[in-house]
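In listed order, ligands and their atoms are each counted from 1. Numbering starts at 1 and runs along the sequence shown.
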Amino acid sequence: MVDQQPGPSFKKIYKPVRLMRIRRTLPPAAAPIYMNNIINGITGIFRGQKEIERFRAELKNYFGVKHCFLVSSGKTALTIILQALHELHPNRDEVLIPAFTCYSVPSAIVRAGLKVKLCDVSPETFDFDFNQLEELLTSEKKESEYGSTCSRLLAILPTHLFGLPSDITKVKNLLPDPVITIVEDAAQAMGGEFQSKKLGTLGDIGFFSLGRGKVFSTVEGGIIVTDNESLAEKIKTITDNLPDYTISETLKLIIQSFIITVFQYPCLFWFPKAFPFLKLGETIFDPEFKMRKITGFQAGMARNWEKAVPHFQKKRKSHISSLTDFLCSKHKKCVIIGKSPTHFIRLPVLIKDKKIRTALLLESDSKGYGLMPSYPNSINNIQELAFPSACHFSVAENLSRDLITLPVHPLLNLMDLKNISTLFNNN
Ligand SMILES: *Cc1c(COP(=O)(O)O)cnc(C)c1O
């Protein structure tokens, strides 16, 4: 059927092909959840607050921070950070983020009642385009020096996309005003380091995600870490007032954890992948997400995270190095991002040639190799945000088109790595 369409674009044919293919199918990203985690989770429900305090104490100790807060997701964490900041600086309402990032980030900014401001990114590092950042921040400075209108910039979000460290020192040095808070988006970088400092602790405040496709997962969850006293005080009040998960929400969490434990494995992942309504790995802009305190179930599931995180990262690292060795030596059509890639949760690879990219994605989709495009668009192209159509962020726009990501998660085996390499050889 597909072959009969004249020159079909990738998007047109990629989506409707949802045949149930019963074969080994790789999830694009995964932080494995085991039966053990679920048992610890259920014990955690009974231990309740004690279990949550245990997790919190471990995190504070590991990150060497004075304050840590636990909530239902990374976007909840970010929303709360921004609400607290806005209470401290009510006349500032803009948040500067990279134009190429997870849609949860603008969702959280809008949820906090604030405005999204964008800076383009560097195609080599996914970090800010520092020339553009400097221009943006210099014009901020001029605005605040002249006239009555003071600068409206509340916070800036350096982001460790896919786990690749953003240069926070550089961001710090460019800031015209210390009131502008550095909120470190370490959602994809738990356990990562930059210049032997822990990612998430380099800015004024940082957050992590415990969502499904991240470094380590408790189905869903979010962590905030900071040493800033006034900010921590505000955040404590806001999190104390968050609702608890209802009983049915907790039950849903437990059922989800069972489903993941069973179907995360490549030998069964074809099953959930065959059902579009499960919305696996879909990137959506939606500020109406639920905001909750974390449950004892999630805190219990996280038991032994200090062993699991480096263990998962070691496996990812070894998969990354086999794939990059192969791609660098044999495949000249693609560009590996990052100089010495180690801590990626998915391996980003730039493929400029549309034909090759489409062929790779289609073949991967039919063979279950887990290759995926990255984010569907740059943030300025999210319609709900209503950016003027004349406003462009060319690198971010190109990345959303040209970037594909390869699975590197702990559930891959040698044959999978070989299959992916063969796929690249043949296209
Ligand atoms: C996943 C993610 C978030 C949000 O985390 P959730 O737990 O999914 O809400 C924020 N920023 C980045 C860069 C992410 O990848």
Are the ring centres of F326 and F424 closer than 6.0 Å? no
Note: S104, heavy atoms under 4.0 Å from ligand 1, region reported as side chain
Atom indices of ligand 1, in the order listed, that fall short of 4.0 Å to a heavy atom of A187: 2 (C), 3 (C), 10 (C), 11 (N), 12 (C), 14 (C)
Looking only at protein heavy atoms, which one is nearest to atom 8 (O) of ligand 1, and how far off is it? K75 NZ, 3.7 Å
Report the nearest protein non-hydrogen atom to atom 2 (C) of ligand 1: residue, atom name, distance rounded to 0.1 Å. K214 NZ, 2.5 Å
Would you say the side-chain atoms of E233 and H67 include a donor-acceptor pair closer than 3.5 Å? no
Number the atoms of ligand 1 from 1 as they appear, then name those within less than 4.0 Å of a heavy atom of S73, with their elements. 7 (O), 9 (O)
Where at least one partner belongs to residues 200-210, residue pairs that pass salt bridge (Lys or Arg N to Asp or Glu O under 4.0 Å), sequence neighbours excluded: none
Anything under 3.5 Å between a donor and an acceptor, one on a side chain of residues 404-414, the other on a protein residue two or more places apart or in another chain? List them.
{"residue": "T405", "atom": "OG1", "partner": "R346", "partner atom": "NH1", "Å": "3.2"}
{"residue": "T405", "atom": "OG1", "partner": "M372", "partner atom": "O", "Å": "3.3"}
{"residue": "H409", "atom": "ND1", "partner": "L411", "partner atom": "N", "Å": "3.2"}
{"residue": "H409", "atom": "NE2", "partner": "P27", "partner atom": "O", "Å": "2.6"}
{"residue": "N413", "atom": "OD1", "partner": "M415", "partner atom": "N", "Å": "3.0"}
{"residue": "N413", "atom": "OD1", "partner": "D416", "partner atom": "N", "Å": "2.9"}

Which of K236, K234, K66 passes salt bridge (Lys or Arg N to Asp or Glu O under 4.0 Å) with E229? Answer is K66
Structural part of V105 in contact with ligand 1, heavy atom criterion under 4.0 angstrom: side chain
Taking 4.0 angstrom as the limit and counting only heavy atoms of Q188, give me the atoms of ligand 1 inside it, by number and element. 13 (C), 14 (C), 15 (O)
